[in-house]
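Accompanying notes for the structure given below.
Chain identifiers are assigned alphabetically (A, B, ...) following the order of the sequence lines, protein sequences preceding nucleic acid strands; residue numbering begins at 1 within each chain.
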Protein chains: 2
Amino acid sequence: MALSQSIEDYLKSIYEIESKHENVTTSSLSEKLNVAPASVTSMIKKLSEKKLVTHKKYQGVKLTNSGLKVALEIIRHHRLVELYLKEALGVPWDQVHEEAEKWEHVLSEDLEDRIDEYLGHPTSDPHGSPIPDRNGNMIERDSRNLIEVSPGAKVIIAEVSDHNPELLRYFGKMGLYPETEVKIISIEPFQGPITLVVKGEEYSIGREAAKYISVVEADA
Amino acid sequence: MALSQSIEDYLKSIYEIESKHENVTTSSLSEKLNVAPASVTSMIKKLSEKKLVTHKKYQGVKLTNSGLKVALEIIRHHRLVELYLKEALGVPWDQVHEEAEKWEHVLSEDLEDRIDEYLGHPTSDPHGSPIPDRNGNMIERDSRNLIEVSPGAKVIIAEVSDHNPELLRYFGKMGLYPETEVKIISIEPFQGPITLVVKGEEYSIGREAAKYISVVEADA
DNA sequence: ATATATTTTTAGCCGTGTCTAAATATTTTA
DNA sequence: TAAAATATTTAGACACGGCTAAAAATATAT
């Protein structure tokens with residue numbers, strides 16, 4: 001019954017693509033997991049046989065209920081570990097992802113519970129991503145991308161992509177952390193920069209970076 | 001350059017058998033790692049090619065300097081993690097081994113350092129085993145087995161085998177932890193029980209259990 | 001609507017780490 | 001010391017999760 005690390009990684013990636021409301025194709029998985037398309041095809045076959053995904057040839061895959069359950073379990077591990085490493089051991093937020101990427105696969109249920117307890121049953125990780133509870137439930141906020149905000153608006157950072165440490169350090173220098181309020185000053189046309197104010201300081205950042213920040217409405 | 005988990009496990013086991021001053025044979029590894037003797041032979045070939053061990057056919061294997069370095073690194077991970085789990089997350093001492101067995105292979109150098117720092121550069125784990133420092137040096141005490149002690153003597157528990165959770169819980173109930181002073185009352189012949197006093201309480205334990213406890217002289 | 005480009009799958013290979021069965025070497029015992 | 005028992009190695013197989021190259025299906029463009 002225990003699943004391989006590889007299978008866990010595939011299921012997690014499928015979940016992550018699904019949650020961006022995109023079709024989970026062979027090529028999207030190939031790119032995300034850095035494996036050849038042919039390797040994805042053969043893994044999809046295996047996942048399908050194990051009833052973790054449904055698949056029709058040349059169409060994408062979809063998680064079944066049991067596949068979803070596994071994916072959420074791994075994501076819970078990942079996000080709990082990220083937060084734990086930051087809180088308990090002071091690991092900088094740009095490094096927690098890489099460490100969690102390995103630890104998530106070897107975390108026992110017992111230790112998961114202890115970490116959850118230690119952290120006081122947290123609901124989001126250092127990048128603002130929601131942490132599923134043991135039943136897979138989590139608080140999903142209705143966020144949108146930073147580049148979709150109207151100039152003049154005040155918003156709160158909901159989530160920041162955790163994959164690029166350099167980008168995270170860049171965000172960190174400006175104080176662009178989850179739950180931080182930012183005011184959008186301007187969004188220049190022709191892929192121009194976004195100018196915003198964070199804690200009284202004004203910054204201009206490029207579209208490429210801004211894409212990795214999602215925001216929610218500021219509280220009244 | 002990165003070694004597989006399997007290779008790390010073999011090197012660790014080889015080290016552990018060597019440190020009992022026993023010849024590291026195909027069958028001893030087979031038994032310790034729970035794999036078929038033939039599997040050990042083929043892995044020995046690989047370790048030998050990688051210059052991690054020396055091997056002459058039908059004789060045992062010995063760690064080379066580089067093999068030893070790897071083994072001590074993994075053992076450092078294992079023992080630091082055991083202690084960390086107990087201290088930071090309250091994992092009971094009979095469970096830390098199993099958890100460490102998995103985590104030891106995915107621990108980064110950075111996290112190793114942070115854990116070491118958190119624990120104040122500890123020199124022994126919850127079972128009394130010495131923790132090697134980053135250079136592989138550790139404090140090896142001149143211990144002997146509990147069953148070799150003369151009746152009447154007062155000794156201090158140095159180390160307790162970490163492999164059997166049930167045994168550890170049994171020891172725990174009697175307070176048989178490392179650094180605890182015990183007085184040996186009697187050792188009955190014909191594989192008879194050992195009677196000893198721990199913190200004022202008298203217990204009799206069998207030889208089979210006593211074998212897993214090693215002791216040093218009590219301080220003057 | 002057909003040709004071209006792209007995506008996906010199939011076919012076949014490889015390294016890792018395991019296994020069983022059989023052969024060979026070593027050790028023990030009679 | 002020769003026979004029997006035990007330990008080790010060899011030979012050959014298998015599951016896993018990758019790969020490349022080529023075939024097939026789908027999507028795009030002319």
Does a nitrogen or oxygen in the side chain of [X] sit under 4.0 Å from OP1 or OP2 of [N]?
X      : N       : value
T26(B) : dT9(D)  : yes
S39(A) : dC19(D) : yes
S27(A) : dT6(C)  : no
T41(A) : dT10(C) : no

Hey, does [X] reach any base, or is it just sugar-phosphate, or nothing, if we go heavy atoms under 4.0 Å?
X      : answer
K57(B) : sugar-phosphate
S42(A) : nothing
K46(A) : sugar-phosphate
S6(B)  : sugar-phosphate

>> Is there a side chain to side chain donor-acceptor pair (under 3.5 Å) between D125(B) and H78(B)? Walk through the geometry before answering.
In response: CA-CA 9 Å; D125(B) 78 6; H78(B) 182 94; 5.7 Å; no
> Given S143(A), which of I213(A), V216(A), V155(A) fulfils the side-chain contact (heavy atoms from CB on, under 4.5 Å) condition?
Replying inline: V216(A)
> When you look at CG of N137(A), are more than 12 heavy atoms from neighbouring residues, nucleotides or ligands closer to it than 6.0 Å?
Replying inline: yes
> Are there more than 12 heavy atoms of other residues, nucleotides or ligands under 6.0 Å from atom CD of E22(A)?
Replying inline: yes
May I have the distance from [X] (atom [atom1]) to [N] (atom [atom2]), rounded to whole angstrom?
X      : N       : atom1 : atom2 : answer
L33(B) : dT16(C) : CG    : P     : 18 Å
L47(B) : dT18(C) : CG    : C1'   : 15 Å
K50(A) : dC16(D) : NZ    : P     : 7 Å
I44(A) : dG18(D) : CD1   : P     : 12 Å
N34(B) : dC19(C) : CG    : P     : 9 Å
K56(B) : dT9(D)  : NZ    : C1'   : 18 Å
K45(A) : dC16(D) : NZ    : P     : 11 Å
Q5(B)  : dG15(C) : CD    : C1'   : 17 Å

Return the nearest nucleotide to the side chain of [X]; candidates are [options].
X      : options                   : answer
Y58(A) : dT18(C), dT9(D), dT9(C)   : dT9(C)
P37(B) : dC19(C), dT9(D), dT10(C)  : dT9(D)
V35(A) : dT9(D), dC19(C), dG18(D)  : dG18(D)
I7(B)  : dA21(D), dG17(C), dG17(D) : dG17(C)

> Are side-chain N/O atoms of S214(B) and E159(B) paired as donor and acceptor at under 3.5 Å?
Replying inline: no
> Does Q59(A) or M43(A) map to a spot on DNA chain D nearer the 5' end, using the closest nucleotide for each?
Replying inline: M43(A)
> What class does the angle between the rings of H97(B) and H163(B) fall in, given that below 30° is parallel, 30 to 60° is tilted and above 60° is perpendicular?
Replying inline: tilted
